[in-house]
Amino acid sequence: MFFNTRKQAYSHVGLYVGDGQFLHAPSSGGQVRLEDMNGRYWVARYNGARRLIDNESNS
């Protein structure tokens with residue numbers, strides 16, 4: 001998942017883990033934490049997402 005947190009597209013990234021939740025480190029050296037991607041802060045800064053693994057081809 002990509003976010004604009006510094007008035008620049010793709011300035012922050014996170015990993016979607018399901019159920020509307022994603023993992024990210026809030027700052028360099030910061031503790032990794034779980035966030036709700038539907039929170040007001042994240043919704044306003046969401047730039048998009050890409051799939052890294054295609055589950056359909058792994059069957």
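The first residue of the sequence shown is numbered 1, and numbering continues consecutively from there.
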Here the pair of heavy atoms bringing L23 nearest to L34 is CD2-CD1, 3.9 Å
Note: Y16 and Q21 closest approach over all heavy atoms is CD1-O, 3.3 Å
With a sphere of 6.0 Å drawn around CG of N38, does it hold more than 12 non-hydrogen atoms of other residues, nucleotides or ligands? yes
If you round to the nearest 0.5 Å, how far is CZ of R33 from CD of E35? 4.5 Å
Determine, using the 4.5 Å side-chain heavy-atom cutoff (strictly less than), whether V13 and L52 are members of one ILVMFWY cluster. no
For G30 against A25, the heavy-atom pair lying closest together: O-CB, 3.9 Å
For the ring pair Y46 and F22, is the centre-to-centre distance below 6.0 Å? no
Is there a path from Y10 to M1 through hydrophobic residues (I, L, V, M, F, W, Y) whose side chains come within less than 4.5 Å of each other? no
Which label fits H24 and H12: parallel for a plane angle under 30°, tilted from 30 to 60°, or perpendicular past 60°? perpendicular
R50 and F2, any side-chain heavy atoms less than 4.5 Å apart: yes
Working note: Y41 + T5, criterion side-chain contact (heavy atoms from CB on, under 4.5 Å); need CA distance, chi angles, decisive distance, verdict. CA-CA 9 Å; Y41 179 86; T5 59; 3.9 Å; yes
